[in-house]
Structure formats: structure tokens, C-alpha cells
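Below is one structure, written out as C-alpha cells; the observations come after it.
In this chain, numbering begins with 1 at the start of the sequence shown.
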Amino acid sequence: MWQRSWEEFIQIYGPAIRQSVYAAFHGCRWTSVRPEMADEVLSDVLVTLVKRLEGFAYDPAIGTFRGFVRRIVRGKVIDRIKLGAKKLFD
């Protein structure tokens with residue numbers, strides 16, 4: 001049951017999350033992002049969503065669900081950029 005729901009969630013929201021991943025990289029001045037890297041970040045975002053949705057309670061006073069997901073995306077993109085920079089200097 002949950003697997004079907006999760007697959008439906010990914011089918012509906014996956015393209016929008018992937019677009020947010022590319023937009024976040026672009027916002028960080030990374031204009032050429034390999035699809036594999038975007039897919040890795042998307043996977044990281046989905047794993048984080050699984051963990052955070054367990055205790056998630058929608059409160060419009062705090063913000064939208066879309067904003068919630070965008071904050072996760074931005075954080076994962078920044079983590080990926082930091083990891084890439086660290087590899088350059090190690």
C-alpha cells in the first residue's frame with residue numbers, strides 16, 4: 001500500500017522536485033549540472049522527505065508544503081556543492 005502511494009508521490013512531485021534541484025544549482029551559480037548529480041540530489045531529497053514527513057504537520061502560518069520541499073532541496077544542493085569543493089582541495 002505505502003509503496004504504491006510513494007510511487008504515485010514520486011510520479012506527481014518528482015519532476016517538480018528535479019526542476020527545483022536544477023534551479024537551486026543555478027541559484028548557486030552552477031550552470032552545468034550533470035544529470036547524474038541532479039539524480040543523486042533528488043534521491044537525497046526523497047530520503048529526507050521520508051524522514052521528515054513522519055512528523056510533518058501542515059501549518060499555513062509557517063509556510064507551504066512547496067516551500068518546505070524547496071528548503072530541503074536547497075540544503076541538499078549546498079551539501080553537494082560543499083562535498084564537491086572539499087574533494088577539489090583534498
Side-chain angles (χ1 to χ4, degrees):
M1 171 79 172
W2 67 268
Q3 185 174 3
R4 181 179 166 155
S5 298
W6 187 245
E7 288 170 359
E8 189 173 319
F9 178 89
I10 293 171
Q11 183 179 9
I12 293 168
Y13 293 103
I17 295 171
R18 177 175 274 110
Q19 184 65 28
S20 291
V21 167
Y22 280 108
F25 271 114
H26 185 72
C28 293
R29 307 287 189 242
W30 277 46
T31 54
S32 59
V33 178
R34 294 186 329 270
E36 310 85 53
M37 183 180 288
D39 288 342
E40 289 174 8
V41 173
L42 176 62
S43 294
D44 292 346
V45 169
L46 293 174
V47 167
T48 301
L49 275 174
V50 166
K51 294 175 183 176
R52 292 199 185 165
L53 284 176
E54 188 174 312
F56 181 79
Y58 177 68
D59 182 356
I62 294 175
T64 63
F65 180 71
R66 185 178 297 175
F68 170 71
V69 174
R70 278 192 197 134
R71 284 189 298 278
I72 293 171
V73 167
R74 186 179 51 210
K76 295 301 176 184
V77 165
I78 290 169
D79 289 348
R80 185 62 54 158
I81 289 170
K82 286 180 181 177
L83 180 63
K86 185 176 190 280
K87 287 180 180 180
L88 287 174
F89 296 107
D90 281 345

- Task: Can you establish whether the number of heavy atoms outside Glu36 located under 6.0 Å from its atom CD is more than 12?
- Result: yes
- Task: With rounding to the nearest 0.5 Å, note down the distance linking NZ in Lys76 to OG in Ser20.
- Result: 15.0 Å
- Evaluate the side-chain proximity of Leu49 to Phe9: yes if any heavy-atom separation is below 4.5 Å, no if none is. yes
- Task: State, yes or no, whether a side-chain contact exists between Ile17 and Ile72 at a heavy-atom distance under 4.5 Å.
- Result: no
- Message: Is there a side-chain contact between Leu53 and Phe65 in this structure, where contact means two heavy atoms from C-beta onward sitting under 4.5 Å apart?
- Response: yes
- Decide yes or no for Arg18 and Asp39: does some side-chain heavy atom of the first lie under 4.5 Å from some side-chain heavy atom of the second? yes
- Query: So, for Arg74 and Ala24, which heavy atoms are closest and what is the spacing to 0.1 Å?
  - Reply: CA-CB, 4.4 Å
- Message: So, using side-chain hydrogen bond (donor to acceptor under 3.5 Å, both in side chains) as the criterion, who are the partners of Arg4 when residues are at least two apart?
- Response: none
- Pro35 and Tyr22: which non-hydrogen atoms are nearest, and at how many Å? CA-OH, 3.5 Å
- Message: With a 4.5 Å cut-off on side-chain heavy atoms, are Ile10 and Glu7 touching?
- Response: no
- Message: Nearest 0.5 Å, please: how far is OH in Tyr13 from CG in Leu42?
- Response: 14.5 Å
- Around atom CZ of Phe68, are there more than 12 heavy atoms of other residues, nucleotides or ligands at under 6.0 Å? yes
- Item | Side-chain touch Trp30/Met37, heavy atoms, less than 4.5 angstrom | yes
- Item | Contact summary for Phe25 and Ile81, nearest pair of heavy atoms | CE2-CG1, 3.9 Å
- Query: When hydrophobic residues are tied together by side-chain contacts of less than 4.5 Å, even through go-betweens, does Val47 share a cluster with Val73?
  - Reply: no
